[in-house]
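Reviewing the structure listed below.
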Amino acid sequence: MKPEERLIVALDVPSLNEVERLVYELSDLCYFFKVGPGLFIKYGPKIIEFLKEKEKKVFLDLKLNDIPNTTSLAMEEIVSLGVDMTTVHILGGKAMLEAVSLKKKNTIALGVSVLTSLNDDDLRMMGFSLGLKEIILNLANLAKGYLNGIVCSPSEAGAVKDACGKDFFVVCPGIRLDDIQDDQKRKQTPDFAIKSGCDYIIVGRPIIKSSSPSDTAKRIIKMISQAS
Ligand code: C5P
């Protein structure tokens with residue numbers, strides 16, 4: 001994969017106008033764009049069609065988490081949209097993952113392990129007694145039988161690759177260029193992520209809130225290239 005193909009830009013903006021502005025500005029630089037629940041609830045399949053018309057790869061990140069029957073129905077609809085990548089929560093359990101795996105066809109189905117906005121303290125508060133890394137490795141091993149890869153932070157990427165093999169995709173959000181405080185608690189730089197074994201990095205606010213999204217995207221692609 002070329003360095004630029006490993007960058008997924010999260011389009012976490014509230015309007016189609018802003019999506020158009022970003023996709024236009026990043027058009028020659030970025031190939032892969034992620035649509036979250038906000039945009040999809042507002043615009044539905046229209047937003048996917050727009051990106052496909054622009055010949056972009058599309059990651060529809062709805063993080064499904066429901067009983068097997070309901071999730072399987074949703075997955076069937078997602079696949080019918082022709083998106084390249086999508087997500088379900090691994091915590092939906094084995095039967096749900098099995099139901100999803102029967103529907104995923106050519107769409108890369110990733111399992112969300114533990115959100116990068118959570119740390120060990122959050123997990124303890126929710127009643128989990130194992131450490132974060134151990135939980136993520138358990139979830140990765142469970143997902144491996146049914147999905148194409150997982151979403152985790154760069155700090156766990158190497159351990160997941162070692163446990164699940166190089167063909168199991170590791171996709172990492174929580175990417176930051178500077179040490180700023182926000183909702184992401186497990187964060188790393190693009191070069192750390194690539195050196196740790198991430199196949200793709202997901203970057204939202206560092207690019208979309210930047211005064212020059214194209215300059216920031218160029219900087220990140222250069223870091224991916226140097227770390228590869
Ligand atoms: O703005 P920022 O770079 O933090 O965006 C990260 C993106 O990755 C968001 O769209 C978020 O929904 C997504 N994501 C995440 N943590 C996960 C899975 C997806 O932050 N575990």
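Counting convention: from 1, in listed order, for ligands and their atoms alike. Note that this is a predicted model, so its numbers are computed, not measured.
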Evaluate the side-chain proximity of K56 to C30: yes if any heavy-atom separation is below 4.5 Å, no if none is.
no

Would D61 and T87 count as a side-chain hydrogen bond (donor to acceptor under 3.5 Å, both in side chains) if you check the C-alpha gap in whole Å, the side-chain angles of each, and the deciding distance to 0.1 Å?
CA-CA 5 Å; D61 184 20; T87 44; 2.6 Å; yes

Near ligand 1, which protein residues have a heavy atom under 4.0 Å away?
A10, D12, K34, D61, K63, V112, L115, T116, V151, P173, R176, Q184, I202, V203, G204, R205, P206

Distance alone, cut at 3.5 Å: any donor-acceptor contact between the side chains of S101 and E98?
no

Check: S210 side chain, S212 main-chain N or O, donor-acceptor pair, under 3.5 Å
yes

Using the rule side chain to side chain contact (heavy atoms under 4.5 Å, CB included), only one of I208, L26, L29 pairs with P213; which is it?
L26

Please tell me if the side chains of Y146 and K94 come closer than 4.5 Å, counting only heavy atoms from C-beta onward.
yes

